[in-house]
Amino acid sequence: MKKKEALKPIIYQLLPRLFANYNPEPVKDGTIEQNGSGRLNDITPGILRQIRSLGATHVWYTGVIEHAHTPDYTRYGIPRHNPHIIKGKAGSPYAITDYYDIDPDLAVDVPSRIKEFERLVIRTHRAGLKVIIDFVPNHVGREYHSDARPKGIEDLGQGDNKEMFFDPNNNFYYITRQQFSPWEVDLGQGADAYVEFPARASGDDCFTAFPGKYNWYDTVKLNYGFDPGDHSRHYSPVPSTWLKMLHILRYWAAKGIDGFRCDMAHMVPVDFWRWAIPQVKEINPDIVFIAELYDVGIYRQYIFSAGFDYLYDKVNLYDSLRAIETANHSAATLTSCWQTVDGIAPNMLNFLENHDEQRFASEQYAGDPWRVVPSLVVSSMISTGPFMLYAGQELGEPAAEAEGYSGLDGRTTIFDYWSIPTLRRWLNHGNCDGPLTESEQRLRDFYARVLNLCNSEDAISQGKFFDLMYVNYDNPRFNPHRHFAFLRAYGNEVLVIAVNFSDEEARVEINIPDHAFDYLEIPRGFAMGQELLSGQESLKTLSSETPFATHIPPHGAVVWKIDTTKIKPLNIEIHQSLHHISI
């Protein structure tokens, strides 16, 4: 039988600089000479097969485009960056210094860095995975200069009128007649000082010469033709920045990548995306655009008008799951999450970790990687939309170290040369056979089981969703503040999914209303069901008269699968007996 094409994207995010760094004893705030750096060549076919075995369909290679860094690569024709305007020793992956180049830190042979990336794309595809890279459209590093741009392409800022705060033809916003002077940031002294005159606006819409140390002072805001002074738009004729950014998108699309994760997409005009995305899809109609944005009020605009395929659902589902875990919010709030995105749920990208967020197992979040089970099942199975996990999440990485610039904050640093302890042990220099604790191995196996179900079960990858909460709020055998239950159905299969956010085991009886049977077109009756997470089998009822009974472990979940072609009708005697024997 031909293997079914994956329909639900499962995205594995990794930073090559961190992911493939095997230094067992990195030092705080260490240089690349002290701590080393992972390389693109270190991401081998064997490693990619292991990522695929988790259920992943895509790999998001974060931080591969050249960005601000402290090592000296001038011998390769790459300008040296001033360390005073770089965050951390390794620099932010989002302070891009050349949109057309691969970061030299990631190359074994620096002059061949583009070829090494192209070979990584080929390896990834051969492993059955698709490739996503960052597109950072809103800002660049302070010392942006492209030495790798194709012949005939103007550099950003080339030809700008620096006497104007705003000019539609400029690529940057200039704070005229003022020198760049961020608060509480040491820009150096004498010949080593970083000097910028006139100052340019910072990437977080800080339109002064004096950003603070918590601003994005290491970046410069790009001008897409929007005048922040009077809020006027100047999009015709097509602004210079639009043309340059489209060329960059098409450059990378032509290299065979499969998608762009677009950083802070909502800080760039919708009009640009509406204009640019269709032109990139002329190269590859299947290429996907993922928007990082944090305002539910513009979700639909960025799907239906801007043309994005997927959006981060951070401020909706992620924040709600986190509040249930850490702030004792009610599980019943999850109903409002799907209602908020009703009609666009397939476009929502769900996650529990990424490079911006604290690790689930960190002391600042849950403190225990196994508490992830209910959040993971809900986040990955509530819709047909994508799910993303962050490298090391599947091993319970707690981010328990103060690596350097970022400090002890529950996150894995993106600013420092470092290695990730759990991944380093498991990868074992690319052999993927390193020592894991029994708990870490079980956790990885559990992630693989859940994420592989997302595409092996049509009811998850393609099926309809039905929330069961509204008929269980006053159910004495179901706690709506700690439990959440829903159905997924497709063809002849129905899944009854229930999770338990409580510290106590639960024996629940879940009411299923008549409307669910009509909407999902499933028959009433009884049949053998299989619990897909444990493999357990049990006789189960699907009826509006007899509740669906199941046991859920503390911080656990169940996914009961029932083949509707095997459902047999109920009569009164069977109703009564099943009510007593169901578990």
Side-chain angles (χ1 to χ4, degrees), residues 317 320-321 323-325 329-342 345 350 371-384 450 453-454 457 459-460 463-490 493-520 522 524 526-527 529-534 536 538-562 564 567 578-579 582-583:
L317 185 61
S320 296
L321 286 168
I324 292 168
E325 177 62 42
H329 281 212
S330 173
T333 60
L334 295 174
T335 292
S336 66
C337 290
W338 70 259
Q339 290 174 335
T340 296
V341 297
D342 194 24
N350 296 332
R371 294 174 69 98
V372 79
V373 173
S375 293
L376 175 62
V377 167
V378 170
S379 191
S380 64
M381 296 186 178
I382 198 169
S383 78
T384 61
V450 169
L453 285 175
C454 288
E457 296 298 325
I460 299 174
K464 291 181 177 179
F465 165 87
F466 193 93
D467 188 342
L468 296 173
M469 297 298 283
Y470 78 98
V471 289
N472 285 285
Y473 285 132
D474 57 356
N475 180 350
R477 299 300 302 273
F478 186 93
N479 181 353
H481 301 302
R482 294 291 92 192
H483 306 149
F484 184 70
F486 57 96
L487 304 175
R488 298 296 308 274
Y490 183 86
E493 296 174 346
V494 60
L495 302 181
V496 181
I497 302 174
V499 302
N500 177 13
F501 291 96
S502 169
D503 294 330
E504 300 175 354
E505 68 174 357
R507 294 188 178 275
V508 299
E509 295 183 1
I510 305 168
N511 295 323
I512 302 176
D514 286 325
H515 181 48
F517 293 94
D518 297 337
Y519 175 70
L520 300 178
I522 54 178
R524 298 161 175 80
F526 69 96
Q530 182 183 27
E531 203 287 291
L532 298 178
L533 300 180
S534 65
Q536 175 189 1
S538 179
L539 196 62
K540 292 295 177 184
T541 62
L542 286 175
S543 168
S544 57
E545 298 178 11
T546 301
F548 187 96
T550 186
H551 166 261
I552 316 176
H555 298 284
V558 292
V559 181
W560 283 100
K561 179 179 179 178
I562 297 172
T564 58
I567 291 178
L578 287 177
H579 183 70
S582 292
I583 60 171

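Only a predicted model underlies this, so the values are computations on that prediction, with no experimental measurement involved.
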*Could you tell me whether the side chains of R507 and H551 share a donor-acceptor contact shorter than 3.5 Å?*
no
*Look up atom CD1 in I382 and atom CH2 in W338, then write down how far apart they are to the nearest 0.5 Å.*
9.0 Å
*Which heavy atom in G529 sits nearest to a heavy atom in I562, and how many Å separate them?*
CA-CG1, 4.1 Å
*asked:* Evaluate H555 against D503 for side-chain hydrogen bond (donor to acceptor under 3.5 Å, both in side chains), listing each step before the verdict.
replied: CA-CA 6 Å; H555 298 284; D503 294 330; 2.5 Å; yes
*Quick one: sort the F466 and Y519 rings into parallel, tilted or perpendicular, breaks at 30° and 60°.*
tilted
*What do the steps show when you test T550 against W560 for side-chain hydrogen bond (donor to acceptor under 3.5 Å, both in side chains), and what is the final call?*
CA-CA 9 Å; T550 186; W560 283 100; 2.8 Å; yes
*Specify the closest pair of heavy atoms between S543 and F517, including all atoms of both residues, with the distance to one decimal.*
N-CZ, 3.4 Å
*Taking C-beta and beyond as the side chain, do P513 and Y470 meet within less than 4.5 Å on heavy atoms?*
yes
*Report yes if some heavy atom in the side chain of V341 is under 4.5 Å from a heavy atom in the side chain of L317; otherwise report no.*
no
*Could you tell me which non-hydrogen atom of F548 sits nearest to which non-hydrogen atom of T541, and how far apart they are?*
CD1-O, 3.2 Å
*How many angstroms lie between CG in N511 and CG in N475, if you round to the nearest 0.5 Å?*
4.5 Å
*Would you find a donor on one side and an acceptor on the other, under 3.5 Å apart, between the side chain of E531 and the backbone of S534?*
yes
*For A459 against E493, the heavy-atom pair lying closest together*: CB-O, 4.5 Å
*Would you name the heavy atoms of I552 and A498 that are closest together and state the gap between them?*
CD1-CB, 3.7 Å
*So which of L468, V499, N472, N500 actually passes side-chain contact (heavy atoms from CB on, under 4.5 Å) with H483?*
N500
*So F501 and S375, side-chain contact (heavy atoms from CB on, under 4.5 Å) or not? Walk me through it.*
CA-CA 8 Å; F501 291 96; S375 293; 3.7 Å; yes
*Are L334 and S320 side-chain neighbours, meaning at least one heavy-atom pair lies under 4.5 Å?*
yes
*Using a 4.5 Å cut-off on heavy atoms from C-beta on, say whether the side chain of P554 contacts that of E505.*
yes
*Taking the side chain as every heavy atom from C-beta outward, state whether S383 and N350 have any pair of such atoms under 4.5 Å apart.*
yes
*Could you tell me whether the side chain of I324 reaches within less than 4.5 Å of the side chain of F484, counting heavy atoms only?*
no
*Please walk me through it: do F478 and V471 pass side-chain contact (heavy atoms from CB on, under 4.5 Å)?*
CA-CA 10 Å; F478 186 93; V471 289; over 6 Å; no
*Quick one: pull up CG in L495 and CG in L532 and give me the separation to the nearest 0.5 Å.*
6.5 Å
*Going from CE on M381 to CD on E457, what distance comes out if it is rounded to the nearest 0.5 angstrom?*
8.5 Å
*Would a 4.5 Å heavy-atom cut-off, applied to side chains only, mark R488 and K464 as touching?*
no
*Smallest separation among heavy atoms of V377 and A557, with atom names*: CG2-CB, 3.7 Å
*State the CG-CD1 distance between L453 and I460, to the nearest 0.5 angstrom.*
5.5 Å
*So does D514 pair up with R524, basic N to acidic O under 4.0 Å?*
yes
_Side chain proximity check, V558 to L533, heavy atoms < 4.5 angstrom_ = no
*Should the pair F486 and F465 be assigned to parallel (<30°), tilted (30 to 60°) or perpendicular (>60°) ring geometry?*
tilted
*Apply the test side-chain hydrogen bond (donor to acceptor under 3.5 Å, both in side chains) to residues S336 and Q339: give CA-CA distance (whole Å), side-chain angles for both, the deciding distance (0.1 Å), then the verdict.*
CA-CA 5 Å; S336 66; Q339 290 174 335; 5.7 Å; no
